Amino acid sequence: MAKTAFNRTGALSRVTVAALTAALVATGTSAVAADNPGTTKNTSSTAATAASEIAKSIKKQQQKKGVSGRSTAKSGAAAEFRVLQGLSGGDLYGYIPNGSGGYEAREFWDFDLQWLKNAVQADNDGDGLADDVWSWDTSGGMGYSSGENPEGVYIGGGWNTFNKVMSPGNLGGAAGADLLARDGSGNLWLYLGYGNGKVAPKAKVGSGWNIYNHIAGVGDLTDDGKADIVTVDKSGVLWVHPGSGDYKKPFNARVKVGGGWNAFNYLVGVGDLDMDGRSDLIARDKAGALFRYSGTGTASKPFKPMAKIGTSGWNTYRLMF
């Protein structure tokens, strides 16, 4: 398994800054309904130019530093390389994977981001680098920015309808990453992505998903080439939802994994952290420690035993993505 060359200087972090800039602009743009979102260029030329220049700079630094896409897993599904971001109050910090299943020391990346409600990463060009970001603000406006399409764009408003938005990867069979969203009534919605930040109108793909405290995951967990997710129900049981590849019914019947997961208050799909070609998961416990669950490629037992990668202090983050 070839390991990825990557920049440990923090250059990748500014991809997030580009997306956050786009979302800031969204607060001053007329909202578009989330059930039929449109995508327009930022109305602020200064913010759009800044986002564009930052993203172009990142792409140049990636090439200069030898940052390349990841090798694929045995199934042929991409095992993404991702940086981890944590937001404490309005301060954003970044963690670069250290190549051995953990992270380098944190780096300060940005500040005054109290308006940020959440963000998700994606790999829209399929090169194994999650350098695309959707982010949305407390007013429900969503922005997007990408290293491949660096100008910040406004996706639409109304995203406060949802209490969970994530991008597990490609669920619908097209080239781009998709968005999965759960509303306050527990309905699950799929937004098919076009690969450039734009998304199709939402389609309802499930109900009753409010039985889960956590929904997480990115990429292929079962070695069949399809993106999967995991959930934790209110009694602390972990379930795998294998991807079907059908956008009308994106998941096959869930598979029970085991109990005890109510020990954690945050789960994040982080791509391939240990660099073995399979997607992994990190979990934060209530004491603020961080654990890595390395992927196995098996639905009934998707993760190896947990490995502690952070002793304390991770509870400082209200968001991790």
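All values reported here derive from a predicted model rather than from experimental measurement.
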Under the side chain to side chain donor-acceptor pair (under 3.5 Å) rule, collect the residues that match up with [X], sequence neighbours excluded.
| X | value |
| --- | --- |
| His214 | none |
| Asp246 | none |
| Trp189 | Asp183 |
| Asn170 | none |

Notebook entry, point to check: Can you check whether Leu87 reaches Trp109 side chain to side chain, under 4.5 Å on heavy atoms?
Noted result: no
Notebook entry, point to check: Any luck finding a side-chain donor-acceptor pair between Tyr317 and Asp91 under 3.5 Å?
Noted result: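 Tyr317 vs Asp91: no donor-acceptor pair found between side chains.
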Closest heavy-atom pair and its distance - [X], [Y]:
| X | Y | answer |
| --- | --- | --- |
| Tyr266 | Leu319 | OH-CA, 3.5 Å |
| Ala299 | Thr222 | CB-CG2, 3.6 Å |
| Ala122 | Trp134 | CB-CZ3, 3.6 Å |

By side-chain contact (heavy atoms from CB on, under 4.5 Å) - contacts of [X] (at least two apart):
| X | value |
| --- | --- |
| Asn315 | Asn265, Arg284 |
| Asn163 | Arg182 |
| Val205 | Leu180, Leu188, Leu190, Pro250 |
| Ser207 | Asn187, Lys204 |

Check: Hey, what's the ring geometry for Trp159 with Trp136, parallel, tilted or perpendicular (30° and 60° as the breaks)?
Finding: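 Because their plane-to-plane angle lies in the 30° to 60° range, the rings of Trp159 and Trp136 count as tilted.
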Check: Do the rings of His241 and Trp209 sit parallel, tilted or perpendicular, given the 30° and 60° boundaries?
Finding: tilted
Notebook entry, point to check: What pairs with Tyr93 under ring-ring contact (aromatic ring centres under 6.0 Å, His included), at least two apart in sequence or on another chain?
Noted result: Phe108
Notebook entry, point to check: What pairs with Tyr95 under ring-ring contact (aromatic ring centres under 6.0 Å, His included), at least two apart in sequence or on another chain?
Noted result: Trp314
Item checked: Pairs where residues 248-262 contributes a residue and the test side chain to side chain donor-acceptor pair (under 3.5 Å) is met, not counting sequence neighbours -> Tyr212-Arg254
Under 3.5 Å, side-chain donor or acceptor atoms of residues 306-313 against the rest of the protein: list the pairs with distances, not counting sequence neighbours.
none

